[in-house]
Amino acid sequence: NGNAIKFIGDVTHIHQVEKYIQTFHPRVVVIDQGAKVSIPSSKTMSEPNVLKKLYQLYRGFGPKYNCSIITLGQADEKSEGRKYLGLTNMDSSKVGIPGELDWALGIGFLDQPEFQHVRWLNIPKNKLTARRGRTEVRFKIHASRFYDAETGESDV
């Protein structure tokens with residue numbers, strides 16, 4: 001779709017994130033590994049406080065620049081082999097990140113051949129509609145799409 005989607009790599013500092021938002025005026029920003037972006041004065045802060053501050057900044061960018069911020073992150077090591085992941089399964093944050101989120105989705109995976117194409121989706125937090133839920137879906141790797149596990153419908 002022309003210049004509608006921009007991929008920008010190697011963004012490591014919160015000032016870079018804000019500069020790109022100011023420059024391109026996106027409607028949606030997706031930050032892979034959002035917890036790894038650095039912020040000023042973080043050397044003197046504890047990790048939970050750094051994460052809390054970082055996610056407060058992300059949250060503030062939304063209304064300030066009229067865009068939605070989506071961050072992706074990893075589950076912690078205790079999540080391995082779990083189907084439904086919740087807020088406490090986020091890597092490096094038992095305090096900082098969950099309180100700042102408006103919405104969260106956990107994607108569970110079992111590393112077993114019979115579950116190669118199965119994922120378990122869980123919405124543990126939803127300030128937008130207050131609806132939470134969980135479901136099992138099929139993941140078609142070649143199409144990067146989720147399908148309802150029972151019906152095969154792609155409207156998951």
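Index from 1, following the sequence. Note that this is a predicted model, so its numbers are computed, not measured.
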Minimum heavy-atom separation for [X] to [Y], with atom names?
X    : Y    : answer
R119 : Q116 : NH1-O, 3.0 Å
P124 : A104 : CD-O, 3.2 Å
N89  : G86  : OD1-N, 2.6 Å
L51  : A35  : CD2-CB, 3.6 Å
V50  : M45  : CG2-CB, 3.5 Å

- Message: Could you go through L121 and R134, starting from their C-alpha distance and side-chain angles, then the distance that decides it, and tell me whether this counts as side-chain contact (heavy atoms from CB on, under 4.5 Å)?
- Response: CA-CA 5 Å; L121 306 181; R134 57 174 52 181; over 6 Å; no
Under 3.5 Å, which donor-acceptor pairs do the side chains of residues 57-73 form with other protein atoms, sequence neighbours left out?
from	atom 1	to	atom 2	distance (Å)
Y58	OH	G34	O	2.7
R59	NE	D102	OD1	3.3
R59	NH2	D102	OD1	2.6
K64	NZ	E18	OE2	3.0
Y65	OH	E18	OE2	2.4
Y65	OH	Q22	NE2	2.8
T71	OG1	Y55	OH	3.3

Determine whether more than 12 heavy atoms belonging to other residues, nucleotides or ligands lie under 6.0 Å from atom [atom1] of [X].
X    : atom1 : answer
Q56  : CD    : yes
E114 : CD    : yes
K43  : NZ    : no

- According to the salt bridge (Lys or Arg N to Asp or Glu O under 4.0 Å) rule, which pairs have a member within residues 24-34, sequence neighbours left out?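 Passing the test, one end in residues 24-34: no pairs.
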[X], [Y]: one ILVMFWY side-chain cluster at the under-4.5 Å cut-off?
X   : Y   : value
I39 : M90 : yes
V30 : V17 : no
I31 : V28 : no

- Task: List for me each residue that meets side chain to side chain contact (heavy atoms under 4.5 Å, CB included) alongside T129, sequence neighbours excluded, and say none if there are none.
- Result: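 Listed in chain order: N126, R131.
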- For A75, which residues count as a side chain to side chain contact (heavy atoms under 4.5 Å, CB included) partner, sequence neighbours excluded?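 Result, side chain to side chain contact (heavy atoms under 4.5 Å, CB included) vs A75: S79, L85.
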- Going by side-chain heavy atoms closer than 4.5 Å, which hydrophobic residues are tied to W120, directly or by a chain of links?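 Y84, L110, F115, V118, which link up through side-chain heavy atoms under 4.5 Å apart, make up the rest of the cluster.
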- Query: Who passes ring pair (Phe, Tyr, Trp, His ring centres under 6.0 Å) against H15, sequence neighbours left out?
  - Reply: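 Partners of H15 under the ring pair (Phe, Tyr, Trp, His ring centres under 6.0 Å) test: H13.
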- Message: Which residues pass the ring pair (Phe, Tyr, Trp, His ring centres under 6.0 Å) test with F139, not counting sequence neighbours?
- Response: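 Only F146 meet the ring pair (Phe, Tyr, Trp, His ring centres under 6.0 Å) criterion with F139.
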- Which value, rounded to the nearest 0.5 Å, describes the distance between K52 atom NZ and E100 atom CD?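 Result: 6.0 Å between the selected atoms.
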- Distance (rounded to the nearest 0.5 Å) between N49 CG and S42 OG: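 Going from the CG atom of N49 to the OG atom of S42 covers 11.5 Å.
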Check whether any side-chain heavy atom of [X] lies under 4.5 Å from a side-chain heavy atom of [Y], and answer yes or no.
X    : Y    : result
Q74  : Q33  : yes
D111 : F109 : yes
K140 : Y147 : yes
V11  : V37  : no
P40  : I14  : yes

- Message: For a side-chain contact (heavy atoms from CB on, under 4.5 Å) check, start with the C-alpha distance between L101 and L87, then their side-chain angles and the critical distance, and finish with the verdict.
- Response: CA-CA 10 Å; L101 300 177; L87 296 175; 4.3 Å; yes
- Output, in order, the C-alpha distance, side-chain angles, deciding distance and verdict of side-chain contact (heavy atoms from CB on, under 4.5 Å) for K6 and F24. CA-CA 9 Å; K6 297 203 180 301; F24 296 112; 3.3 Å; yes
- Which residues share a side chain to side chain donor-acceptor pair (under 3.5 Å) with T12, sequence neighbours left out: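 By the side chain to side chain donor-acceptor pair (under 3.5 Å) rule, T12 matches Q16.
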